[in-house]
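We name chains A, B, ... by the order of the sequence lines, and we start the count at 1 in each one.
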Number of protein chains: 2
Amino acid sequence: MTARITDVARAAGVSASTVSRALRGRPGVSDEVRDQIAAVAARLGYTASRSASSLASGRTFTIGVIAPYIGRWFFGTVLDAAEQVFSAAGYDVLLYNLGSPETRKRFFTKLPVRKRVDAVLSLLIPDEEEAAALRSLGVPLASTVGGAREGFTVVGIDDRVGAESAVRHLVNLGHRRIGMVSGASEPLHWTTPVDRRRAYLDVLADAGIAHDPALEADGDYTVEGGERAMTELLVVSRPPTAVFAQSDEMAMGALRALRRHRLKVPDDVSIVGFDDHELSDVIGLTTVAQPVAGQGAEAARLLLQQLDEPEAGTPGHVQMPIRFVLRDTTAPPAPRGPQ
Amino acid sequence: MTARITDVARAAGVSASTVSRALRGRPGVSDEVRDQIAAVAARLGYTASRSASSLASGRTFTIGVIAPYIGRWFFGTVLDAAEQVFSAAGYDVLLYNLGSPETRKRFFTKLPVRKRVDAVLSLLIPDEEEAAALRSLGVPLASTVGGAREGFTVVGIDDRVGAESAVRHLVNLGHRRIGMVSGASEPLHWTTPVDRRRAYLDVLADAGIAHDPALEADGDYTVEGGERAMTELLVVSRPPTAVFAQSDEMAMGALRALRRHRLKVPDDVSIVGFDDHELSDVIGLTTVAQPVAGQGAEAARLLLQQLDEPEAGTPGHVQMPIRFVLRDTTAPPAPRGPQ
DNA sequence: TGTTGTTGCGCAAGCGTTTGCGTTCATATT
DNA sequence: AATATGAACGCAAACGCTTGCGCAACAACA
C-alpha cells in the first residue's frame, strides 16, 4: 500500500540500513548518497512506520499527557502550550482526559501508556499510588499545578504568596469582613486550595482580624459552584464586604450571584479572583495573574531536556512569577456598613 | 524490564499465540485456560506492547485528532467530549494542535499520523489539498464545524438558521440599524462566517432594511478582535443600535468596548452572540446555543461506528439542534435615537 | 610496499506481537 | 470399529524498522 523502507532502498540502489541511517541523519552515509535517498523518499512519499521504528528502537517520540477537564480554560491553555513545544521538537502527544474518577482509575490500572511514550506530563497531582504507577514506566515525569511527588519535575507558582497579595489587597482597602470561596483538595490531591487558604488565614491573623468560619464557602472551582458559594455567604447574619475567590471562574460565579441579588460590585461587595482567566480582563475582575500557558510550555521544555540528557541529574522544581492585577471589582467598603 | 508475552506464556505453561488469543478474547481458547492466563498476566502486570501489536496487526487503537487553538473554549470542549467517547471505547487519542499556519503545514506535509491511527477526527476544515492528504491515509475521517469535504463524516449545525434567529430577534425588537461583528473565512476554510453573514443579509433584506457595509466589522473570532470591531462600529456616522456578533467571545469583546465607552447594554446598544459559551450565562448574554460537547461526542461516535462496520456505506452529515437563548443584553432600541 | 585508520555501506539479528496453518486429541457419526 | 468433525493449542512466518558488526575500498603514514 504505502511505500516501505525496502522500496526506497531498492529505488535508490542501496540497502535498507543505509536508508534508515540517511533519513534520520545518522553518520555512516556519504552526503551524496544521503541526498539521493532523501530525493527518492520524497518522490515515493515515504514515511517510516512509527510502530515499526519504535518497536525496533525502543523510542516512541510520543509524550503522554494526562489532564482533568481539558475543556476548562486553565487546563486547555496549559495543554495547548505544552503541545506546541512538544510538536515543535518532533514529538507527538497522546492525550488522556482523566476528569472522572472512573476514567482516572481505568487509566492507572491499565496504564495504556506503558511502552508507548517516552515521557509523561501530568496536569493533575497523582496520589502516591498513582505516582508509583507512573514511576514504574521508567520514563521522565513532570507535572504542573501545585503538589510535588517524588520523581517528578514540577513547575508551578507560589500559591501562598499569590493568595496573600489578593487578601492583603482587600485588607489594605479597609475591609474587615472578608469571605473566601474555595474548593476541596481531596479528590484531586492538589495543594493549591490548602495553600491559598493558609495564606488567607495568615493575612487575616496578621491584620488582627478574627477568623469567622461562616465566611468560608466551597465553590468547587467552577462558575456554578462560585455562584452557590457566594449565595451562601450572603445569607449569614453579617455578610462579608469583600470576598477572595480562589479562582477566577468561581469569582465570576460570585459576580453573577451578586448581580442576581441586586448588589453592586465593587460598591457593595468587592471581589478578587485568582488565575487571570482570559475573560477576566473583559469582565474587569481584579485578580492574581499566573502564567498559565507559560507553565505548560516550561514543563514541556524541562521534559524534553530530560529526554535529551538522560543523566543530567534529578528533576527540579520551577516557580513561575505571579502578578497582582488591579481592575474594577475591588474598592474600599461602603461607609454606611457597620465597621 | 517489563513482562513480555513470552514471559506470560512460560508462566502459564502455554504458547505465546494462546496468550495473545486469550487476552484479546479471540476464539480458540478454552475458558479454563483463558482464565488462568488472565490471572498470570495480571500477576505479572503484563500489558501488550502497542508498537508490536500494531505492527503485527495493522491496527493501532488510536485516533488522530487535529484541532486549532485547543485552548479556546469551543475547541477544548469539543475535544474533551470526543476524547471521552474514544477512551471509553478503548481508543487512545493522538492530539495535534494546528493553530498556526506553520504547524498546520508541517502536519500535512509530514503527515505524522500515517500508519499511526485508525481514524482521524478534524476540528478544522481542511482545504482540498489537505483533505486529499487525509484521504490518502485510507482511514475513516470525520470533522465537526461547518464545511464538508468529500469522504468526511461531518457533524455540525445549521449556521444559517441559527444566525437568522439571532438577527430576526433584533429586528423583532424594533432595531433598524443592526451591525455585525464577523470573522474571516479564509485561513481556516470554514463556511461558518459565510453562512452566518448570508443569514444576516437575508433577514435584513426580508425586513426591508438596506444593508450598510459600514456596519460590518471583523472581530477575528476572538475577544480582543470583538472589542476592536465594536469600537470601529461606534465611530461610524450613525452607529448601530444593535449588533449581532458571530461568536460569544466576540460579543464579550463588544460588551467590553461598550463599557469603556460608557454605553449601557441593553439600554443604549443590544448585543446578541452565537455559541452559548460557558460564561455567557454568567454575563447574561443573549445568544444562539449550539451543543458543543454534543458535536464532539457525536462525531466520535460516528467515527467508531465506521471502524466497527467498515462497509456500512458512505459517511453521513448530521445536523445538531440549536436554540435561541434570551438573556439580558437585548432590548428594544432607545426611543430617543433617530429612527 | 606494507601497515594502520577511516569512511561508507551491507548483512542479519533482533524488537514483541498477531495469525494462517498444521497437529493433536476427544467426541460424534456411520 | 473405523472415520469424520471440530475444538484447543503450538509453530513459525510475517509486520517494517534499527543497529552491532563485518567487510571493502581507499587514503595516509612510515
Side-chain angles (χ1 to χ4, degrees), chain A residues 1-38 40-41 44-62 90 111-118 137-138, chain B residues 1-38 40-41 44-62 92 111-118 137-138:
Chain A
M1 175 136 152
T2 79
R4 290 156 307 166
I5 198 171
T6 52
D7 300 328
V8 177
R10 193 177 318 114
V14 296
S15 74
S17 354
T18 302
V19 173
S20 174
R21 284 187 269 254
L23 259 27
R24 291 177 307 130
R26 286 294 154 91
V29 185
S30 68
D31 291 349
E32 187 186 10
V33 172
R34 190 184 298 272
D35 291 347
Q36 199 226 336
I37 289 176
V40 171
L44 298 183
Y46 169 77
T47 311
S49 152
R50 278 299 238 282
S51 329
S53 63
S54 62
L55 177 59
S57 69
R59 296 207 55 179
T60 66
F61 280 97
T62 301
L111 221 51
V113 290
R114 187 190 292 281
K115 284 270 162 198
R116 275 206 90 178
V117 299
D118 292 342
L137 296 173
Chain B
M1 175 140 152
T2 80
R4 290 157 308 167
I5 198 171
T6 52
D7 300 328
V8 177
R10 194 176 317 115
V14 296
S15 74
S17 353
T18 302
V19 173
S20 175
R21 283 186 270 255
L23 259 26
R24 290 177 309 131
R26 287 294 155 90
V29 184
S30 67
D31 289 350
E32 186 187 12
V33 172
R34 191 185 297 272
D35 290 348
Q36 198 226 338
I37 288 175
V40 171
L44 297 183
Y46 169 76
T47 311
S49 151
R50 280 297 240 280
S51 329
S53 64
S54 61
L55 176 59
S57 70
R59 296 205 55 179
T60 65
F61 279 97
T62 301
D92 289 338
L111 221 51
V113 291
R114 187 191 293 279
K115 285 270 163 197
R116 275 206 90 180
V117 298
D118 292 341
L137 295 174

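In this structure, R21(B) reaches the bases: a heavy-atom distance under 4.0 Å links it to at least one base atom across the strands shown.
In this structure, D7(A) and R10(A) have side chains that are in contact, with non-hydrogen atoms separated by less than 4.5 Å.
When distances run from any side-chain atom of S17(A) to the nucleotides dT19(D), dA8(D), dG16(C), the shortest one goes to dT19(D). Among dC17(D), dC9(D), dT17(C), the nucleotide with an atom closest to any side-chain atom of A56(B) is dT17(C). Picking from dT19(C), dA8(D), dC9(C) the nucleotide with the shortest atom distance to the side chain of T18(A) gives dC9(C). Counting only heavy atoms from C-beta on, S30(A) has its side chain closest to dC9(C) among dT17(C), dT18(D), dC9(C). For S53(B), the listed nucleotide lying nearest its side chain is dT18(C); candidates were dG16(D), dT18(C), dG10(D).
Going from atom OH of Y46(A) over to atom P of dT18(D) covers 6 Å, rounded to whole Å. Distance CZ (R50(B)) to C1' (dT18(C)): 15 Å, rounded to an integer number of Å. Between the CG atom of L23(B) and the P atom of dT19(C) there is a distance of 14 Å, rounded to whole Å. If you take CG of D31(A) and P of dT7(C), they are 13 Å apart, rounded to a whole angstrom. Straight-line distance from the CG atom of L55(B) to the C1' atom of dT19(C): 13 Å, rounded to whole Å. As rounded to whole Å, 17 Å separates atom P of dG16(D) from atom CZ of R24(A). One can place CD of Q36(B) at 10 Å from P of dC9(D), the figure rounded to the nearest angstrom. Distance CZ (R114(A)) to C1' (dG16(C)): 14 Å, rounded to an integer number of Å.
For S20(B), a side-chain nitrogen or oxygen approaches OP1 or OP2 of dT18(C) to under 4.0 Å.
Nearer to the 5' terminus of DNA chain D, by closest-nucleotide assignment, is the contact made by V19(B) (compared with the other of V19(B) and S57(A)).
What you find for A52(B) and S49(B) is that their closest heavy atoms are N-OG, 3.1 Å. When all heavy atoms are compared, the tightest approach of A12(B) to V40(B) is CB-CG2, 4.1 Å. Across every non-hydrogen atom of S54(A) and S51(B), the tightest pair is OG-OG, 3.2 Å. Taking both residues in full, the closest heavy atoms of R114(B) and L137(B) are given as CA-CD2, 3.7 Å, listed atom of the first, atom of the second, then distance.
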All N/O contacts under 3.5 Å from nucleotides 22-24 of chain D to the protein, with atom names and distances to one decimal?
none

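Taking A56(B) as the reference, nothing meets the side chain to side chain contact (heavy atoms under 4.5 Å, CB included) condition, with sequence neighbours excluded.
For the residue pair R50(B)/T62(A), the side-chain donor-acceptor check at 3.5 Å is not satisfied.
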